[in-house]
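Residue numbers begin at 1 in each chain, while the letters A, B, ... track the order of the sequences.
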Protein chains: 2
Amino acid sequence: MRMIPVGNSAKRGRLSSPAVDADVETTVASRLRRLGQRFTAGRRALVDALTKVDRPVTIEEILRVEPRLPLSSTYRNLAILQQAGVVHRVSTDHEFARFELAEDLTDRHHHHLVCESCGTIEDVEIPARLDRSVRAALDELARTARFRVASHRVDAFGLCARCAAER
Amino acid sequence: MRMIPVGNSAKRGRLSSPAVDADVETTVASRLRRLGQRFTAGRRALVDALTKVDRPVTIEEILRVEPRLPLSSTYRNLAILQQAGVVHRVSTDHEFARFELAEDLTDRHHHHLVCESCGTIEDVEIPARLDRSVRAALDELARTARFRVASHRVDAFGLCARCAAER
DNA sequence: ATTCGTGCAAATAGTTTGCAGCAGA
DNA sequence: TCTGCTGCAAACTATTTGCACGAAT
C-alpha cells in the first residue's frame, strides 16, 4: 500500500491548522444531536481527518492520519456520521469502502475521477449548467420509471497520472 | 423489462427467446479464447442469465435463476468473464456486488437508477447528446488532472417505485 | 446515576482459494 | 492426453457486534 500525500483543499479561507472549521463543527454537532448522539472526541477526529483531505478516503487512510482511533469505533462512528448526513460513503469496485464529508458541509458539489488501477479517487467539479442538464434528464427518465431521484452522480473511470506513469 | 427509446444506435434487435443471441455467443467465445479460456456450460449459463435480465444483478439473484451453478464457480467465472470484457461489475453501497453484460455486447450505452432502500438497479438511457457533453466535460477536467478517462458513469440515487409505495 | 460511547476480542458474511476429480480441445 | 475447469470445503478479510469499562450530562 502506498503513501498518499494529504493535500489540503484549495478552498477559500480554509484553515490549515488541525482544527476543523467552526462552522462545520456547529453543523455536525447539531446533526448529531438531532439523532440523540454526542459529538465526542473520536467523532471530531474523524470529521477533522475528512476535512483535511479533499477526496474520498479509505478507513486505512484515515487510521494512518489518526492512528489512535480504534478500528471498530471508526466503523461505528462513520456509520453514525453517515446517518447524521455528515459523511457520505462512496462505493467503489475496489476492496475498501471510501468516505468523504457530505457535500452540503463543504459547499462543493463535485464528481469523481476514479482510478481503476489503484482505486484512488480525485474530486472534480463539472460546469454547473451541464450538471443541471444531467439532473433534468435523469428526473425526466425517472418519471417514466416512477423512480424518485434524490441525488445523482457523474464519475469518470480510468487511470490516474501516477498509475499511467507506471506503465 | 423497461426499454426507453432514445436516439442511440439500436443496431441489433433483441431476442425475447430464452436462448442467448448467437451473435453474443460468438463474441463471448472469441473473447474468452483470446485469454486462453473456454466457453464452458457454466459460463454459458452465466451469460444466459445476464442476457435475460436487463439490469445489474447480484450473485444471489443469478443463483436463484440458475440454482445448479455452484457458488465458487460462479464467482470464478464472473471474474474471468470480467477480465474478458464480457461482464461488468457494478459497485454499490449495498452489501452485494452486482453484475451486468458489457455495454458493447448489448449495444446499449445506459445509466442506472439506484434504489437507496432495496439496492435494486434499473437501466435507463440518457439522450446521446447530453451523454456526449458529459463525456467531453469529463475529458476536459481530466486533462487538468492528467487523468486518462476510459469510461464514465451517470447514476441517479433515490427510491424505486416499489420502495416509495412502502412508505 | 444513568445513559451513551469506547475498545478489545470474537463473530459474521461476502468472497477467494487449495485440491482432487472431471471434461473439453 | 493434457491442460484447464469444476465443486466441495476451508481460508480470508473487510466489516460488525457483544460486552464490560469509562465518560458525559
Side-chain angles (χ1 to χ4, degrees), chain A residues 1 25 28-49 56-64 66-84 86-99 118-121, chain B residues 25-26 28-49 56-64 66-84 86-99 118-121:
Chain A
M1 186 100 354
E25 294 252 309
V28 172
S30 96
R31 292 196 187 171
L32 283 172
R33 210 173 309 113
R34 196 185 305 153
L35 293 185
Q37 299 278 355
R38 298 171 193 154
F39 194 17
T40 62
R43 293 168 186 183
R44 191 178 307 262
L46 279 177
V47 173
D48 233 67
V57 286
T58 63
I59 301 240
E60 200 196 338
E61 288 170 326
I62 293 174
L63 295 186
R64 202 178 298 141
E66 299 286 350
R68 330 205 59 177
L69 294 177
L71 189 61
S72 65
S73 299
T74 301
Y75 275 108
R76 254 191 294 236
N77 285 330
L78 283 171
I80 300 274
L81 289 168
Q82 193 186 350
Q83 275 179 58
V86 168
V87 155
H88 182 228
R89 183 179 190 144
V90 179
S91 53
T92 72
D93 280 335
H94 276 254
E95 42 232 315
F96 306 105
R98 286 179 180 267
F99 299 85
C118 68
T120 303
I121 303 183
Chain B
E25 294 251 309
T26 315
V28 172
S30 95
R31 291 196 186 171
L32 282 172
R33 210 172 311 114
R34 196 184 306 154
L35 293 185
Q37 298 279 355
R38 298 172 192 154
F39 194 16
T40 62
R43 293 168 185 185
R44 191 179 305 263
L46 280 177
V47 173
D48 234 68
V57 287
T58 63
I59 300 241
E60 198 196 337
E61 287 171 323
I62 293 174
L63 295 186
R64 203 177 297 140
E66 300 284 353
R68 329 205 60 181
L69 294 177
L71 189 61
S72 64
S73 299
T74 301
Y75 274 108
R76 251 189 297 233
N77 285 331
L78 283 172
I80 299 276
L81 289 168
Q82 195 186 349
Q83 274 179 59
V86 168
V87 155
H88 182 226
R89 185 180 190 144
V90 180
S91 53
T92 72
D93 281 333
H94 277 254
E95 42 233 314
F96 306 104
R98 286 179 180 267
F99 298 85
C118 69
T120 302
I121 303 182

Whether A/Arg98 side chain and A/Val90 backbone form a donor-acceptor pair below 3.5 Å: no

Side chain to side chain, A/Ile62 and A/Leu78, heavy atoms closer than 4.5 Å: yes

Rounded distance in Å - CG (A/Leu69) to C1' (C/dG7): 12 Å

A/Arg98 CZ - D/dT15 C1' separation (whole Å): 17 Å

Interatomic distance, A/Glu60 CD vs D/dA14 P [rounded to whole Å]: 8 Å

Under-4.0 Å side-chain N/O to phosphate OP1/OP2 contact, B/Tyr75 with C/dT15: yes

Phosphate contact (C/dG5 OP1 or OP2) by A/Arg43 side-chain N/O below 4.0 Å: yes

Minimum heavy-atom distance between A/Leu35 and A/Ile80, given as atom pair plus value: CD1-O, 4.2 Å

Side-chain touch A/Gln83/A/Gln37, heavy atoms, less than 4.5 angstrom: no

Gap between atoms CZ and P, on B/Arg33 and D/dG4 respectively (whole Å): 15 Å

Minimum-distance nucleotide (side-chain atoms of A/Phe96 versus D/dT15, C/dT16, C/dC8): D/dT15

Nucleotide C/dA13, atom C1' - distance to CG of B/Leu71 in whole Å: 11 Å

Non-hydrogen atoms of B/Leu81 and B/Arg43 that approach each other most closely: CD1-O, 4.3 Å

Residues in contact with DNA chain C, drawn from residues 35-42 of chain B - heavy-atom cutoff 4.0 Å: B/Arg38

Which nucleotide in C/dG7, C/dT6, D/dG7 has an atom nearest any side-chain atom of A/Asn77: C/dT6

Short side-chain N/O contact from A/Ser72 to OP1 or OP2 of C/dG7, under 4.0 Å: no

Nearest-angstrom distance from the residue atom NE2 of A/His94 to C1' of D/dT13: 17 Å

base_contact_polar (D/dG7 base, B/Arg76 side chain, donor-acceptor, <3.5 Å): yes

Interatomic distance where CG belongs to A/Leu63 and C1' belongs to D/dT15 [whole Å]: 13 Å

Over-ring placement of B/Arg33 relative to B/Phe39, 6.0 Å and 45° cut-offs: no

Sugar-phosphate, base or nothing in reach of B/Ala97, heavy atoms under 4.0 Å: sugar-phosphate

For atom CZ of A/Arg44 and atom C1' of C/dT6, their distance in whole Å: 17 Å

For the student: nearest non-hydrogen atoms of B/Arg31 and B/Ala84, plus distance: CD-O, 3.4 Å

